[in-house]
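Remember, it's a predicted structure, so these values are computed and weren't measured experimentally.
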Amino acid sequence: MTITVKDFYADWCGPCKMQDPILEELEGEWEGKVVFEKIDVDAHQDIANKYQVRSIPTIVIEDDEGVISRFVGVTQKEDLESVFQQNSS
């Protein structure tokens, strides 16, 4: 089962810039186990609409069956890791 993290952001978003180092650290630690995708809401409004993103940063975590968790606002590393650990095979 593949876990994917979709990070919805915009270049002009201050809180998104605060979220970046947290996700970069997790990406290094979970390499090969979790797939990370950055989605610019200005460039990809269609994807943002599909996931009903209304505020950024928004992080959507999904597995092969669909969305398993969603966070709006700057999210701490521990909260994201908890979802990874609960849903890793």
>> Can you list everything that forms a salt bridge (Lys or Arg N to Asp or Glu O under 4.0 Å) with Glu29? Sequence neighbours excluded, please.
In response: Lys77

>> Rounded at 0.5 Å granularity, tell me how far CD in Gln45 sits from CD1 in Ile39.
In response: 13.5 Å

>> Are Val72 and Val74 connected into the same hydrophobic cluster when the rule is that any two of I, L, V, M, F, W, Y join if their side-chain heavy atoms are below 4.5 Å apart?
In response: no

> Glu81 and Leu26: which non-hydrogen atoms are nearest, and at how many Å?
Replying inline: CG-CD2, 3.4 Å

>> Please enumerate all residues that pass side chain to side chain donor-acceptor pair (under 3.5 Å) together with Gln76, with sequence neighbours excluded.
In response: none

> Val83 versus Asp79: any side-chain heavy-atom pair under 4.5 Å?
Replying inline: no

Check residues 61-69 and write down every donor-acceptor pair under 3.5 Å in which the side-chain atom is one partner and the other belongs to a residue at least two apart or another chain.
from  : atom 1 : to    : atom 2 : distance (Å)
Glu62 : OE1    : Tyr51 : OH     : 3.2
Glu62 : OE2    : Lys6  : NZ     : 3.4
Glu62 : OE2    : Tyr51 : OH     : 3.0
Asp63 : OD1    : Glu65 : N      : 2.8
Asp63 : OD1    : Gly66 : N      : 3.2
Asp64 : OD1    : Thr2  : N      : 3.4
Asp64 : OD2    : Thr2  : N      : 3.4

Please table the atom pairs, donor to acceptor, closer than 3.5 Å between any side-chain atom in residues 7-15 and protein atoms at least two apart or in another chain.
from  : atom 1 : to    : atom 2 : distance (Å)
Asp7  : OD2    : Lys38 : NZ     : 3.1
Trp12 : NE1    : Asp42 : OD2    : 2.7

>> Would Leu80 and Leu23 count as a side chain to side chain contact (heavy atoms under 4.5 Å, CB included) here? Give the steps.
In response: CA-CA 9 Å; Leu80 296 166; Leu23 291 173; 3.8 Å; yes

> Which residues satisfy the side chain to side chain contact (heavy atoms under 4.5 Å, CB included) test with Gln52, sequence neighbours excluded?
Replying inline: Arg54, Arg70

> Which heavy-atom pair separates Gln19 from Gly73 by the least distance, and what is that distance?
Replying inline: OE1-O, 3.7 Å

>> Quick check for you: to the nearest 0.5 Å, what is the distance between Glu27 atom CD and Ile22 atom CD1?
In response: 14.0 Å

>> Test side chain to side chain contact (heavy atoms under 4.5 Å, CB included) on Val60 and Phe71; report intermediate values, then the result.
In response: CA-CA 7 Å; Val60 175; Phe71 298 93; over 6 Å; no

> Around atom CD of Gln85, are there more than 12 heavy atoms of other residues, nucleotides or ligands at under 6.0 Å?
Replying inline: yes

> side chain to side chain contact (heavy atoms under 4.5 Å, CB included) between Thr4 and Glu37: does it pass, once the steps are laid out?
Replying inline: CA-CA 7 Å; Thr4 303; Glu37 298 176 2; 3.7 Å; yes

>> Under the criterion side chain to side chain contact (heavy atoms under 4.5 Å, CB included), I'd like the reasoning laid out for Val35 against Ile3: C-alpha separation, chi angles, the key distance, then a yes or no.
In response: CA-CA 6 Å; Val35 176; Ile3 296 174; over 6 Å; no

> In terms of hydrophobic clustering (I, L, V, M, F, W, Y; side-chain heavy atoms under 4.5 Å; direct or indirect links), are Ile59 and Ile47 co-clustered?
Replying inline: no

>> Taking side chain to side chain donor-acceptor pair (under 3.5 Å) as the definition, give me every residue that meets it alongside Ser82, ordered by chain and number, with sequence neighbours left out.
In response: Gln86

> How long is the span from the NE2 atom in His44 to the CG atom in Asn49, to the nearest 0.5 Å?
Replying inline: 13.0 Å

